[in-house]
Amino acid sequence: ERALLPVLPSEAEFPYAIRTVSETFESNGSTSQASVCASSMSLMAAGVPIKSAVAGISAGLVTGETDDDYLVLTDIQGLEDFFGDMDFKVAGTHEGITAIQMDIKIHGLTRPIVEEAIRRTREARLFIMEVMKGAIAEPRKEVGKYAPKIIRIQIDPAKIGDVVGQRGKTINEIIERTGVKIHITDDGAVSVCGVDADAMQKAVEMIRIITTDFKEGQILTGTVVSIKEFGAFLEFAPGKEGMVHISKIAKERINHVEDVLTLGDKVKVVCLGKDKMGRISFSIKDVPAEA
């Protein structure tokens, strides 16, 4: 845990609780450092955006009668650990060390022993990281398909009421349509949670539309929810509607809205700004061809 903590993303970058379990089925040496390597790779495979891979290695020591009579061993086996004088575990990245843990059976270590142990473990660590890189070089861009996901966006706190709606009508409709969970804090931080990434993006888009004022030139996709003699009303998101006048539906003149549109149709519109009455105007016929 200590070896991996320095490379974990912040809560703002990755707002998840992380539980990593390493199960060792057989060992002949430092299982803790094997766990560092395996956990580092598993986090990347799970889509956790860690800053760097982390690897660990253990160095051992056999000493003689004098301070100069010693041998530092790299990647000690269980037998070397049992009969040796030191278990010096070092974990880290390409940039440096993230954790050290040492057991010794002698009264102390000389500076040359420590320096050689650190040098040897660095060489081994870099070698191991290259092997790990062959299996997975960087974190996956997204968490797994079936894993719970969180998307965080920030909205104007003054728009929270628009998202919630009267007695929660708007937010409940978003939840019902998409199957996501939505949490909003007083400062306007919105967390959209779910498993289906497409449904989550759909919910996020609804929230963005609800909290964004219509601007001239804005392209939107709406659903026809009401047809009148003078035009059609389109819903862009729960609680967010606009009207297209009959003269703005088709390039040619039409006598009845029903000749072109029916309830439930999804159409693209462009916002034309405010009309003479100060109302927001939309058009279907003026949507750019490339939109």
Side-chain angles (χ1 to χ4, degrees), residues 151-194 196-291:
I151 299 176
R152 277 187 171 178
I153 60 172
Q154 187 70 38
I155 65 172
D156 183 350
K159 300 282 188 179
I160 293 176
D162 296 338
V163 177
V164 175
Q166 188 175 13
R167 296 182 180 177
K169 179 181 178 182
T170 303
I171 194 170
N172 286 332
E173 190 166 346
I174 297 173
I175 292 169
E176 184 177 343
R177 291 188 190 185
T178 60
V180 303
K181 293 182 179 180
I182 301 173
H183 177 70
I184 306 176
T185 60
D186 293 338
D187 61 354
V190 181
S191 297
V192 178
C193 310
D196 188 332
D198 291 337
M200 293 171 66
Q201 288 294 345
K202 184 178 178 181
V204 168
E205 184 61 24
M206 289 180 181
I207 294 170
R208 291 195 190 280
I209 292 173
I210 292 170
T211 56
T212 302
D213 294 327
F214 292 127
K215 297 179 180 178
E216 185 175 348
Q218 185 178 4
I219 307 295
L220 297 162
T221 299
T223 303
V224 179
V225 292
S226 178
I227 294 177
K228 307 293 182 183
E229 290 184 5
F230 51 83
F233 285 91
L234 274 63
E235 181 191 67
F236 305 110
K240 196 87 167 182
E241 294 185 1
M243 193 208 54
V244 180
H245 191 268
I246 189 172
S247 63
K248 299 293 184 181
I249 292 176
K251 294 186 180 297
E252 67 278 1
R253 177 183 173 82
I254 60 174
N255 295 319
H256 304 286
V257 176
E258 293 90 335
D259 294 339
V260 179
L261 298 175
T262 57
L263 292 175
D265 283 352
K266 292 186 180 297
V267 293
K268 283 187 177 181
V269 298
V270 59
C271 179
L272 303 177
K274 293 183 178 180
D275 60 19
K276 296 178 181 179
M277 302 291 290
R279 298 170 299 191
I280 299 294
S281 177
F282 296 93
S283 172
I284 296 174
K285 71 176 185 180
D286 295 311
V287 174
E290 64 275 9

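Quick note: residue numbers are just sequence positions, from 1.
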Quick check: do [X] and [Y] have side-chain heavy atoms less than 4.5 Å from each other?
X	Y	result
Val244	Leu234	yes
Ile182	Ile207	yes
Lys274	Ile280	yes
Ile284	Leu261	yes

What distance separates [X] [atom1] from [Y] [atom2], expressed to the nearest 0.5 Å?
X	Y	atom1	atom2	answer
Glu205	Leu220	CD	CG	8.5 Å
Ile174	Ile210	CD1	CD1	4.0 Å
Ile171	Met206	CD1	CE	12.5 Å
Ile254	Ile249	CD1	CD1	4.5 Å
Lys251	Ser283	NZ	OG	7.5 Å
Ile227	His256	CD1	NE2	12.5 Å

A quick test of your reading: do over 12 heavy atoms of other residues, nucleotides or ligands sit less than 6.0 Å from [atom1] of [X]?
X	atom1	result
Asp187	CG	yes
Lys285	NZ	yes
Glu216	CD	no

Just by distance, do the side chain of [X] and the backbone of [Y] share a donor-acceptor pair under 3.5 Å?
X	Y	answer
His245	Ser247	yes
Lys240	Thr211	no
Lys181	Cys193	no

**Item:** Val257 vs Lys228, side-chain contact (heavy atoms from CB on, under 4.5 Å): CA-CA, chis, key distance, verdict
**Value:** CA-CA 7 Å; Val257 176; Lys228 307 293 182 183; over 6 Å; no
Who pairs with [X] by side-chain hydrogen bond (donor to acceptor under 3.5 Å, both in side chains), at least two apart in sequence or on another chain?
X	answer
Gln201	none
Thr262	Asp265
Lys266	Thr223
Arg208	none

Restricting to non-hydrogen atoms, name the atom on [X] and the atom on [Y] that form the minimum distance, rounded to 0.1 Å.
X	Y	result
Lys215	Cys271	O-CB, 3.1 Å
Val192	Ala203	CG1-CB, 4.1 Å
Pro288	Ile219	CD-CD1, 3.8 Å

**Item:** Basic-acidic side-chain contact under 4.0 Å: Glu173, Arg177
**Value:** yes
Enumerate donor-acceptor pairs with a distance under 3.5 Å from any side-chain N or O in residues 156-165 to protein atoms, sequence neighbours excluded.
| from | atom 1 | to | atom 2 | distance (Å) |
| --- | --- | --- | --- | --- |
| Asp156 | OD1 | Ala158 | N | 3.0 |
| Lys159 | NZ | Asp213 | OD1 | 2.9 |

**Message:** Considering only residues two or more places apart or on different chains, which pairs with a residue in residues 199-231 satisfy ring pair (Phe, Tyr, Trp, His ring centres under 6.0 Å)?
**Reply:** Phe214-Phe236, Phe214-Phe282
